[in-house]
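Taking it in order: structure first as structure tokens, then the write-up.
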Amino acid sequence: MMNYLSGAPDDPGSSGDRDAADAVSGPDAADAFAPAPAVHARRLTVVRGGRTVLDDLAFDIPPGRITGLLGPSGCGKSTLMRAIVGTQAHITGTLDVLGSPAGHPRLRPRIGYVTQDPSVYDDLTVRQNLDYFAAVLQPGRAARAERRARVTRTIEDVDLTRHADALAGTLSGGQRSRVSLAVALLGTPELLVLDEPTVGLDPVLRRDLWNLFHTLATDRGTTLLVSSHVMDEAERCHRLLLMREGRLLADEAPDTLRHHTGAPTVEAAFLHLVDRTTRNEPTAHRTTREAVPDEPAASGPLADGATAAEAAPGETTAGETAADETATTKATDQQPAPSNTPSHPPHPTSAIHPTGPIHPTGPTHPTEIPTHPTGIPPHPRRVVDPQGALPTLRGSVRTPPRGNPPANKGNPPASPARTLATAARVLRQLRHDPRTIALLLIVPCALLALLRYVFDAHPSTFHTIGASLLGIFPMITMFLVTSIATLRERTSGTLERLLAMPLGKADLLTGYALAFGLLAIVQSALATALAVRFLGLDVTGSPWLLLLVAVLDALLGTALGLFVSAFAASEFQAVQFMPAVLMPQLLLCGLFAPRDTMQPALKALSDALPMSYAVDGMTEVLTHPGITAAFVRDTTLVAACALLVLTLGAATLRRRTA
């Protein structure tokens, strides 16, 4: 599944390079044709709030293997995983994933991501959750049968067949974690990033999940990065990255780690490294590569005139043999290699890094070169520089220089299929929430009926303000429901998961607007029919125009709710925004006093608020039999404000967050 060398010949005219490549033989041949690492990091640093969360990390994750990321809580494991997936902001250094800069749009369908907390929708069933995420990964009616088969297979993989039609919110913590894992398995990803997937599971389920992980690595060639703070799970991994306080202590196979530290278990080895780091004692197993103080400025071709000590880890020259490698490694236990040594350092197999930034070691890869099925550009081929003994790269994917990885530009174009899938998902969620449906459909009608009988002795007052309230009530209710629903999306982890998938921001926001827009039509139709037919609201114009303004007002409330949810940390705070956002508009919209009689400053502020034009539009329908220029102006302004606020809401949806 990874990016293997396809065996294509060099470009015509590069005979010198071909001759140099033919010179590579012996132990170096396997390295020359080794598959690219699934993840390649150099000088990776994340600073958040003035605190260094990841400190100058450098490592390679081999393809088709299980790499364990272990360390105590708070050491930076989740931050590192978010950086690999492409959702972490404030990154410096080089981080390539599957041959592309981390966070690149083309990586989204190729990576499966499981957040630390189960990021699924509690108010959808297991199957409905998977149906939606499958539609995001593989949209369109043509793929419906394949999606259904994949969803069924994935449910079986995580042993949730008996619970397929149960709401995710009714499941146990371990079962919800398996639903979250099932989402990551839907697209047969090449890289699975699993943040503590076995937390809270009983021993039997943990065993079964680890058996599944090994099946994925062995049978499908999937690369897995699994984090945990449970050290006994390290024995189940092919390779380990041990972290503490944002730094890597070791990059080892479990057996090698125990051998180097003389510890009986990985946990004892980890504690040994922590103690040695605290005492700042030099390690007895530093490789030649670790003696080099600085990394190259960027991964990629070596600069002309670079010394051998500056070559990237894992590269070897044609003149080195296995015996030379062993001898050199032993020599470096006694003294560091000089920076101007004329030959490249050996290809180390492992390293322990108890102090300072680590310099990783490349894993040993098989010599078979399978053809990559996806047609992705092949892994760069290593050839010998004709001017010397240093290796260079040909056909390599461009690697960004040290610094911030490129921003996630090039969002996928809007997809009607994904938009409709999102709208359908929101409507399914509402179907499982009768209280919200009651708030949206019944409460506005009940308030209008109450208002009618409050002014029973003065019907003209009801006729004056009743039409305006037909637009105000939908705006208020849609604001409340949308702000809370979107806040749940942001805080539950589902938004982060969606933005790590090939879902455009426009797809998400338009899907929400479409779902709540349909509800707004039903809500406004019920309220208008009740007011005109049963409560005796006297309207000169067409009731259909009242319905149009009410729908536009509801869409404006939806857009405002989407926008303010970005600034709320809890549902209580989302509700608190209502008096700040809607009450000033309600007081200044002309409902209680004509706007022309207000103080000049208040009149100017009223002219800038969209609810004022919603009330004016309702007044035009109330007093004029046909469509007037003022009605067109008012409705156009309300629609434009809704689009503007939706655009601002899209700006708050960042794929990379701190």
Side-chain angles (χ1 to χ4, degrees), residues 37-49 51-62 65-93 95 97 102-103 111-119 177 180-181 184 191-201 206 209-210 213 223-254 257 266-267 269-271 273-274 277 352-354 357-358 360 493 496-497 500 656-658:
V39 179
H40 169 80
R42 293 295 180 272
R43 298 297 176 107
L44 178 62
T45 301
V46 173
V47 178
R48 183 169 57 223
R51 184 174 69 91
T52 301
V53 182
L54 299 180
D55 188 4
D56 203 22
L57 305 187
F59 59 89
D60 288 334
I61 294 178
R65 310 287 280 174
I66 301 176
T67 298
L69 180 61
L70 286 92
S73 298
C75 69
K77 300 189 300 295
S78 296
T79 301
L80 176 56
M81 290 186 150
R82 295 182 71 243
I84 291 173
V85 173
T87 61
Q88 178 63 49
H90 310 305
I91 298 176
T92 59
L95 182 59
V97 180
I111 299 176
Y113 178 38
V114 177
T115 56
Q116 194 167 21
D117 295 323
S119 49
S177 296
S180 186
L181 175 62
L191 172 64
L192 266 177
V193 180
L194 310 176
D195 195 352
E196 300 193 357
T198 60
V199 170
L201 300 185
R206 287 177 58 196
L209 276 186
W210 276 102
F213 297 161
T223 304
L224 292 94
L225 177 62
V226 184
S227 76
S228 178
H229 60 269
V230 181
M231 289 296 170
D232 61 1
E233 293 192 335
E235 307 293 343
R236 305 174 184 266
C237 302
H238 299 116
R239 195 167 189 85
L240 301 176
L241 299 176
L242 298 187
M243 290 188 66
R244 182 173 183 264
E245 296 180 354
R247 302 170 76 90
L248 284 180
L249 297 182
D251 178 1
E252 295 273 10
L257 177 65
V266 171
E267 181 174 2
F270 176 79
L271 295 175
L273 293 177
V274 170
T277 303
I352 299 176
H353 311 286
I358 68 116
E496 181 178 9
R497 163 168 265 168
R656 291 187 186 272
T657 59

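FYI, the numbering just counts along the sequence from 1.
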- request: Would you mind reporting whether Arg48 and Gln88 have side-chain heavy atoms less than 4.5 Å apart?
  value: yes
task: Identify, with sequence neighbours excluded, every residue that meets salt bridge (Lys or Arg N to Asp or Glu O under 4.0 Å) alongside Arg206.
output: Asp232, Glu233
- line: Nearest heavy-atom approach of Leu248 to Ala58 is CD1-O, 3.9 Å
- line: Smallest heavy-atom separation, Met243 atom then Cys75 atom, equals CE-O, 3.5 Å
statement: Those residues at least two apart in sequence (or on a different chain) that pass side chain to side chain donor-acceptor pair (under 3.5 Å) with Ser227 are Asp195
query: Do Thr45 side-chain atoms and Asp56 backbone N/O form a donor-acceptor pair below 3.5 Å?
result: yes
field: Closest heavy-atom pair and its distance - Ala184, Tyr113
entry: CB-N, 3.9 Å
- line: Only one of Leu181, Leu225, Leu209 passes side chain to side chain contact (heavy atoms under 4.5 Å, CB included) with Leu194, and that residue is Leu181
message: Whether the side chain of Lys77 engages the backbone of Val226 through a donor-acceptor N/O pair (distance < 3.5 Å, no angle test) should be reported.
response: no
- prompt: Would you say Glu267 has more than 12 foreign heavy atoms packed within less than 6.0 Å of its CD?
  reply: no
- request: With rounding to the nearest 0.5 Å, note down the distance linking CG in Leu69 to CD1 in Ile61.
  value: 7.5 Å
- prompt: Where is the tightest heavy-atom contact between Ala234 and Pro254, given as atom of each residue plus distance?
  reply: O-CG, 3.5 Å
- request: Of all the heavy-atom pairs spanning Val46 and Ala89, show the shortest one and how long it is.
  value: CG1-O, 4.1 Å
Side-chain heavy atoms of Trp210 within contact of Cys237, under 4.5 Å: yes
task: Step by step, work out the side chain to side chain contact (heavy atoms under 4.5 Å, CB included) result for Asp60 and Arg42.
output: CA-CA 9 Å; Asp60 288 334; Arg42 293 295 180 272; 3.4 Å; yes
- prompt: How many angstroms lie between atom CG of Leu54 and atom CD1 of Ile91, to the nearest 0.5 angstrom?
  reply: 8.0 Å
- prompt: How long is the gap from CD1 on Ile84 to CG on Leu44, to the nearest 0.5 Å?
  reply: 8.0 Å
message: Could you check whether any side-chain heavy atom of Val47 comes within less than 4.5 Å of a side-chain heavy atom of Thr92, counting everything from C-beta outward?
response: no
field: Basic-acidic side-chain contact under 4.0 Å: Asp55, Arg244
entry: no
message: Could you tell me if the side chain of Val97 sits less than 4.5 Å from the side chain of Ile111, heavy atoms only?
response: yes
message: Can you tell me how far apart CD1 (Ile66) and CG (Leu192) are? Round to the nearest 0.5 Å.
response: 10.0 Å
task: Check Ser180 against Ser119 and note the closest heavy-atom contact, atom names and distance.
output: OG-N, 3.6 Å
- line: Value for OG1 (Thr115) from CZ (Arg82), rounded to nearest 0.5 Å, stands at 10.0 Å
field: Any donor-acceptor N/O pair, Arg65 side chain to His238 backbone, under 3.5 Å
entry: no
- request: Mind checking the CG-CZ spacing from Leu80 to Phe59? Nearest 0.5 Å is all I need.
  value: 4.5 Å
